[in-house]
Amino acid sequence: MNQMQRILSARRLSHSIIPQSCFLHRRWFSTSETDASSPPLSSPHQKIQTLEDKASNKSRSTASTTSSLNEQELAKFSAIADTWWHAEGPFKPLHLMNPTRLAFIRSTLCRHFSKDPSSARPFEGLRLIDVGCGGGLLSEPLARMGATVTGIDAVDKNVKIARLHADMDPMTATIEYQCTTAEKLVDDGRTFDAVLALEVIEHVANPAEFCKSLSALTIPNGATVVSTINRSMRAYASAIIAAEYILQWLPKGTHEWSSFLTPEELTMILQRASVDVKEMAGFVYNPITGRWLLSDDISVNFIAYGTKKE
Amino acid sequence: MNRVLARKLRTNVCGSKHIFQRACSTHVTRKVSSTAGSNETNANSTGDSPQHDIAIVGGGMVGIALAASLASKPLTKHLNVAIIDNNPLLGRKNIIEKGHLPDPRVSTVTPATISFLKDIGAWKYIEEQRHAYFDKMQVWDYTGLGYTRYNAKDVDQDILGCVVENKVLQSSQLSCVQESDLQKTIYPARLNSMDMLPSSSLTGLGEVPSTADLFMRGRLAKLELSDGNNVYAKLVVGADGSKSRVRELAGIKTTGWNYSQNAIICTVEHTVENFTAWQRFLPNGPIALLPVGDKFSNIVWTMDPTEASDRKSMSEDDFIKAVNDALDYGYGPHPETTSSGGSSLSWLTGDVNISAKERFETPPKVVKLSSERMMFPLSLRHAKDYVSNRVALVGDSAHTVHPLAGQGVNLGFADASALSRAIAEGIALGTDIGEANLLKRYEAERKPANIAMMAVLDGIQKMYAVNFGPLNAFRAAAFHGAHYISPLKKRIISYASGEQSLPLFS
């Protein structure tokens with residue numbers, strides 16, 4: 001399995017990625033008003049600042065309770081919900097990327113929970129939650145790998161589609177699907193061995209709050225896996241211009257560049273939420289073979305695996 | 001609506017010849033299943049019809065190789081496999097008595113195939129039966145202008161290949177399968193028809209969908225067998241040979257042509273043991289003499305259809321005379337052995353080219369015909385696609401080649417190995433094994449390699465089919481080149497041994 005071997009040599013996150021500059025002593029994600037009067041910042045910090053402002057604006061406009069939902073995003077997904085399982089439909093890139101991200105997840109979680117990677121059902125006995133499960137593209141393979149999977153999504157149509165599709169195979173019919181949010185589950189006091197939020201965080205209003213919820217859902221020493229798109233110029237060129245306008249893989253407006261997170265930012269907000277990012281890898285698309293590969297290149301799509309502190 | 005779709009894909013054939021087989025096989029419904037611990041969810045016999053993960057149609061060497069390969073991998077050995085083949089001898093033990101005369105149907109397995117068979121644990125059974133390693137090969141033609149000798153030591157190996165009877169290959173692999181944890185069921189029946197519906201849009205289903213429901217939603221393929229059983233499977237593998245029924249029912253088109261040649265195969269005996277593989281290209285086709293062990297050899301003689309029926313029906317003594325003639329001075333002179341490796345070309349020999357110094361040898365004389373002479377027509381056939389919705393083709397059903405280089409079944413074994421690897425990767429990532437993307441990965445791996453080999457073999461066949469002065473001289477030059485130029489020789493041996501899957505750029 002060549003993909004597995006690639007993961008094993010994936011770049012381990014080292015402290016050199018986080019610039020050892022003076023910003024570490026500042027509190028970037030507090031909601032107190034004093035942040036508004038911070039001195040001039042260098043660009044990544046400025047972006048974090050404006051992100052925080054935008055996030056707090058959005059969250060103020062949606063609901064009175066803290067919520068990471070974004071109504072516009074929900075509407076976007078609701079419109080194309082029926083096409084989740086059409087391999088050639090609007091979700092084709094996710095279908096193509098699925099095996100690659102599953103390879104990363106399988107490898108890191110097997111190592112984390114000391115499971116035998118050559119077993120056909122290595123996740124037997126583990127409780128996993130797929131946050132933002134959509135049509136269940138990730139939940140179903142995880143269930144086939146033996147995990148007890150809960151899939152949640154804020155769009156009701158998605159959950160319905162996921163339920164119907166999962167019921168068609170006895171191995172995936174055991175998945176529990178709910179139309180709810182991570183925050184609500186935290187309020188219900190549920191916890192899981194591993195929490196996965198793939199390609200979700202770029203669609204939420206408040207990434208920091210979202211990460212805090214993800215962390216709260218993870219048991220101590222559990223695993224958290226988040227994947228998203230980098231906020232880089234290359235990502236703008238590939239994930240937005242190429243994917244949405246030129247190749248038309250995704251409907252226009254699926255992604256907003258400003259809501260992407262850089263790996264450094266993601267690491268930081270996960271750190272603030274007591275999750276230590278241990279490994280990161282990138283997904284690279286090879287147009288000749290038409291396949292996605294895992295690589296060290298995190299400039300466009302990347303996935304991060306972290307462990308919850310004790 | 002769904003019934004209309006179903007009818008579009010269905011092709012029902014109920015020839016009268018099947019009725020006889022159906023009558024016989026209803027008494028022989030042997031279900032060879034073994035329990036495998038905790039995997040009951042896979043063997044979902046919901047009382048109506050059995051449901052399997054994979055249905056392998058065709059229990060020949062390649063079909064069983066796929067089953068054995070799946071059985072040997074930790075990720076796939078828990079799968080539920082159905083093998084559909086109406087050969088009543090399939091699965092019966094001890095069908096090969098020791099000391100019997102070699103069956104004329106033999107195959108040359110390349111070193112790459114030998115390592116595959118060792119990996120799946122079948123080679124130890126093959127070694128208990130008659131098998132013949134050979135480490136030397138000599139190829140020449142009727143013009144006497146050149147010859148090539150190959151030696152395994154040219155590539156620092158011990159053997160160039162091994163000749164094994166087909167039924168030994170099949171039964172050894174079947175023993176592996178039967179001893180493994182793989183849940184298998186053998187259906188001694190013929191495939192009548194096969195349906196698979198495209199994945200349909202989701203509508204309300206009951207609590208636990210029955211196999212029929214799953215089939216209607218495109219999650220399973222349905223196979224109707226000649227004994228009346230219906231078998232459901234997530235993936236159907238067509239390993240049923242060049243006239244594949246699975247390929248026909250899946251609507252996969254083929255390209256190819258019939259060679260205007262038939263091949264006669266038989267077993268012959270010598271007075272001395274034969275350790276070399278001999279092939280002489282005659283005007284109408286090559287004759288090959290392959291060692292099978294214990295002073296026996298196998299003859300594969302390709303010729304015109306008229307000559308073939310003559311030679312099949314002539315007396316044994318006449319036939320032996322014809323064979324000895326064809327291998328010796330018939331049709332043309334012996335090539336000359338140039339002195340000590342060709343002094344003018346010695347600068348090309350490079351480092352080790354042991355066989356370049358070997359003299360031309362005459363093959364051992366045939367003294368006795370030890371089996372019946374079998375004849376079959378030769379053709380080239382290639383399936384346009386190897387995969388389709390929930391269907392994959394392996395072996396001769398995907399590609400049929402000329403036997404002149406002994407490659408046919410080796411390509412099939414490579415297919416089986418690649419498909420089982422693709423299935424294992426799919427299981428590792430929790431995919432539905434009948435999914436098109438997974439199967440296409442198998443196709444992308446095997447198609448270029450198979451097409452390349454077919455092109456090479458077809459090229460050789462066409463090159464030797466014409467008796468034309470300049471072409472003869474070109475062939476002689478090719479012989480000399482392959483004989484003396486060691487990098488070229490090494491590459492040829494390595495390609496023919498299966499170590500490289502493509503002739504160039506590999």
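Every chain is numbered from 1, with letters handed out A, B, ... down the list of sequences.
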Practice prompt. Walk me through it: do A:Arg121 and B:His78 pass the test side-chain contact (heavy atoms from CB on, under 4.5 Å)?
Written response: CA-CA 10 Å; A:Arg121 292 171 68 88; B:His78 64 288; 5.9 Å; no

Worksheet item: For the atom pair NE2 (A:His95) and OG1 (B:Thr431), what is the distance rounded to the nearest 0.5 Å?
Response: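 Spacing of NE2 (A:His95) from OG1 (B:Thr431) equals 12.0 Å.
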
Fill in: Nearest-0.5 Å distance, CD of residue B:Glu435 to CG of residue A:Asn98
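Output value for this atom pair is 8.5 Å.
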
Practice prompt. Tell me, with the steps shown, if A:Arg144 and B:Ile427 meet side-chain contact (heavy atoms from CB on, under 4.5 Å).
Written response: CA-CA 8 Å; A:Arg144 287 204 190 94; B:Ile427 300 272; over 6 Å; no

Worksheet entry | Distance-minimising heavy-atom pair for B:Leu429 and A:Pro99 |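 Reported closest heavy-atom pair: CD1-O, 3.4 Å.
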
Practice prompt. Pick one of side chain, backbone, both or neither for A:Ser118, based on which atoms fall under 4.5 Å of a heavy atom in chain B.
Written response: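 Both backbone and side chain.
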
Worksheet item: Considering residues at least two apart in sequence or located in another chain, which fulfil the ring-ring contact (aromatic ring centres under 6.0 Å, His included) criterion with A:Phe192?
Response: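 Listed in chain order: nothing, the list is empty.
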
